[in-house]
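What follows is a short report on a single structure.
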Amino acid sequence: MKVSYYPGCSLEETAAAFDISVRKVCDHLDVSLEEVPGWACCGSSPALKMDRLLSTSLAAHNLALAQGQQVEEMVIPCPFCFRRLLSAQQETQATPETREAVQEAIEAELDDSLKVHSLLGFLRYTVGLEAISAKVQKPLQGMKVLTYYGCYLVKPASVTQYDDPEDPVSMDQLLEALGAEVLPWDFKTECCGASLAVSKSETVCELSGRIIREAAYREADALVVACQLCHANLDMRQTQIGKLHGTKYHLPIVYFTQLMGLAFGMPYKALGLGRHLTNPKEMLKSKGVLQ
Amino acid sequence: MFRLKGKIEEKAFLDQVMERSGQNLLECLQCGKCSGSCPITSQTVGGPRRLIAQILNGMQEQALKDPTWWYCVSCGTCATRCPVEINMYAVSTALCEMAAEQGIEASEKGIHLFEELFLKSVEKNGRLREITTVAAFNFRMGRPFADMAIGTKMVQKGVFSPFAMLRKGHRDSRVNRIFQKIRQQQKQKA
């Protein structure tokens with residue numbers, strides 16, 4: 001199966017571990033990812049905050065680039081890029097004036113032909129649990145994990161139209177298909193502080209701190225994420241958060257695609273697992289996932 | 001919901017926010033579900049319910065200086081839970097654009113600077129150069145060694161190489177042109 005692939009800026013730089021594991025896992029599932037030729041930034045949160053037309057135009061520019069790929073479906077791992085591209089499609093369909101202004105800015109005609117998927121949604125619903133479990137060689141038995149979806153994948157529901165915005169289950173089902181035990185909790189879509197990562201790190205420490213504290217209380221072996229910004233906030237700030245709480249946390253934060261890769265029998269390093277600040281190696285060894 | 005009091009131009013402010021954002025703020029029930037759900041509402045950041053109340057009551061100056069919309073991370077929680085489906089981050093964008101047009105100084109300088117540097121990087125390179133942008137931000141904020149411990153660990157783990165900052169970006173002229181085209185459109189409108 002051939003799909004258009006839009007990695008987004010972070011996956012090219014600080015979240016390369018996500019990109020590496022996505023490509024490996026998709027390849028293993030016979031999904032051929034065709035990178036959008038010459039893709040650009042979707043505008044992310046700064047464009048969305050500062051300039052509506054710029055934000056919609058940058059996202060639509062990428063939709064127009066993908067139109068030339070002659071594929072019907074587009075897969076996006078980054079939840080914010082996913083929401084922005086999908087939203088640009090909806091905004092330009094809903095309002096003729098917006099469509100006209102955007103098409104003028106990007107000097108291209110939009111044909112609305114693409115079906116935009118989040119990577120998680122694509123793997124869970126299009127590839128499906130059956131195809132995924134058929135590839136499992138090393139079930140993640142004995143691993144107790146918490147799933148953390150963050151905001152942008154599911155909210156606002158009017159845009160993403162994906163899963164339940166308060167209690168999503170798609171990642172839970174996917175990890176259960178890999179043999180892991182998924183623990184229940186109420187923090188699946190609580191905010192980690194998102195784009196305040198650098199400019200208001202104290203707010204991030206407070207918000208991500210609530211998530212880490214709850215995950216530690218639930219005695220999870222790992223927190224599994226689907227977003228590189230959530231990953232950055234929860235992984236990189238964990239030492240700082242521990243200091244604020246007067247304790248030391250050691251909660252591995254991993255991408256769901258990395259756990260898929262491990263269950264498919266791929267080596268630890270090839271999935272970028274050695275790049276996280278919260279080292280998951282000891283935990284994986286203690287669970288028998290790694291030798 | 002809008003109470004007929006105050007000056008005529010104050011009603012104009014409400015109309016402008018509603019038109020730009022596409023959100024019918026007159027439907028707001030002031031129920032407070034948004035602020036109760038909002039991750040960034042705090043003792044110092046008023047939150048969406050209060051911000052809507054300011055707009056409905058024509059308090060233009062307060063609304064355009066309110067830190068709420070600078071802090072807004074567009075998580076979409078309020079929009080998901082709002083009984084009348086007001087999309088608050090669309091309101092944030094409207095207020096941000098209006099404040100910029102009126103030359104009102106950003107109430108949250110740090111957040112503003114980061115977002116500006118981010119877009120500059122995109123305009124220049126077509127894609128964001130993350131590490132370079134973060135380094136530029138910390139330098140401009142007068143704290144060049146902020147998060148040095150995290151940065152050092154990232155380099156050790158091979159997350160990024162400090163030399164990557166020296167390489168040139170992609171330089172995507174098409175993206176640069178989109179920025180210019182939009183500036184043209186906005187000039188014509190004004």
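These numbers come from a predicted model, not from an experiment.
Salt-bridge formation is not detected for the pair B:Glu101/B:Lys189: no Lys NZ or Arg NE/NH1/NH2 atom is positioned less than 4.0 Å from an Asp or Glu carboxylate oxygen. A salt bridge links A:Glu91 and A:Arg84; the closest N-O separation between the charged side-chain nitrogens and carboxylate oxygens is under 4.0 Å.
Interface remark: of the candidates B:Cys75, B:Gly126, B:Pro39, B:Ala90, B:Cys75 forms the most heavy-atom pairs closer than 4.5 Å to chain A. Interface remark: of the candidates B:Trp70, B:Tyr89, B:Phe179, B:Phe114, B:Tyr89 forms the most heavy-atom pairs closer than 4.5 Å to chain A. When each of A:Arg52, A:Lys49, A:Lys200, A:Arg275 is checked for heavy-atom pairs under 4.5 Å with chain B, A:Lys49 comes out on top. When A:His61, A:Arg83, A:Glu166 are compared by the number of non-hydrogen pairs under 4.5 Å with chain B, A:Arg83 comes out ahead. Ranked by heavy-atom pairs under 4.5 Å with chain B, the first of A:Pro165, A:Ala47, A:Gly193 is A:Ala47. Contact count versus chain B (heavy atoms, under 4.5 Å) is highest, among A:Thr239, A:Thr160, A:Val102, A:Leu58, for A:Leu58. Counting heavy-atom pairs closer than 4.5 Å to chain A, the top residue among B:Lys153, B:Gln186, B:Gln185 is B:Gln185.
Applying the side chain to side chain contact (heavy atoms under 4.5 Å, CB included) test between A:Tyr6 and each of A:Val116, A:Leu11, A:Leu63, A:Val36 identifies A:Val36 as the sole match. When the options A:Gln69, A:Gln67, A:Glu35 are evaluated for a side chain to side chain donor-acceptor pair (under 3.5 Å) with A:Ser4, the one that passes is A:Gln69.
Residue contact with chain A, scored on non-hydrogen atoms closer than 4.5 Å, involves the backbone of B:Arg20 exclusively. Heavy atoms closer than 4.5 Å to chain A are found in both the backbone and the side chain of B:Val159. Residue contact with chain B, scored on non-hydrogen atoms closer than 4.5 Å, is absent for A:Ser158. Both the backbone and the side chain of A:Leu48 come within contact range of chain B, each with at least one heavy atom under 4.5 Å from a heavy atom of that chain. Contact annotation for B:Lys157: both backbone and side-chain heavy atoms come within less than 4.5 Å of a heavy atom of chain A. Proximity to chain B (any heavy atom under 4.5 Å) is shown, for A:Ala17, by neither the backbone nor the side chain. For a residue to count as touching a neighbouring chain, one of its non-hydrogen atoms must lie under 4.5 Å from one of that chain's; by this rule A:Glu12 touches chain B with the side chain only. With a threshold of 4.5 angstrom between heavy atoms, A:Ala16 does not approach chain B through any atom at all. Contact annotation for B:Glu130: both backbone and side-chain heavy atoms come within less than 4.5 Å of a heavy atom of chain A. With a threshold of 4.5 angstrom between heavy atoms, B:Ile131 approaches chain A through its backbone and through its side chain. In this structure, no portion of B:Gln180 lies under 4.5 Å from any heavy atom of chain A. For a residue to count as touching a neighbouring chain, one of its non-hydrogen atoms must lie under 4.5 Å from one of that chain's; by this rule B:Asp147 touches chain A with the side chain only. For chain A, the nearby part of B:Glu108 is the side chain; its heavy atoms alone come within less than 4.5 Å. Proximity to chain B (any heavy atom under 4.5 Å) is restricted, for A:Leu65, to the side chain, taken from C-beta onward.
Side-chain atoms of A:Ser170 and A:Tyr162 include a donor-acceptor pair closer than 3.5 Å. A donor atom on one side chain and an acceptor atom on the other are not found under 3.5 Å apart for A:Ser21 and A:Gln258.
Between B:Leu95 and B:Ala63, the shortest heavy-atom contact is CD1-O, 4.3 Å.
Ring orientation note: the planes of A:Trp185 and A:Phe187 are close to parallel, at an angle under 30° on the 30°/60° scale.
A:Ser201 places no side-chain N or O within donor-acceptor distance of the main-chain N or O of A:Ala197, the cut-off being under 3.5 Å.
Atom CD of B:Glu105 is surrounded by 12 or fewer heavy atoms from other residues, nucleotides or ligands within 6.0 Å. Other residues, nucleotides and ligands contribute more than 12 heavy atoms inside 6.0 Å of the NZ atom of A:Lys188. For A:Glu100, the CD atom counts as loosely surrounded, since its 6.0 Å shell holds 12 or fewer non-hydrogen atoms of other residues, nucleotides or ligands.
Proximity of the aromatic rings of A:Phe18 and A:His231 is defined here by a centroid distance below 6.0 angstrom, and this criterion is not met.
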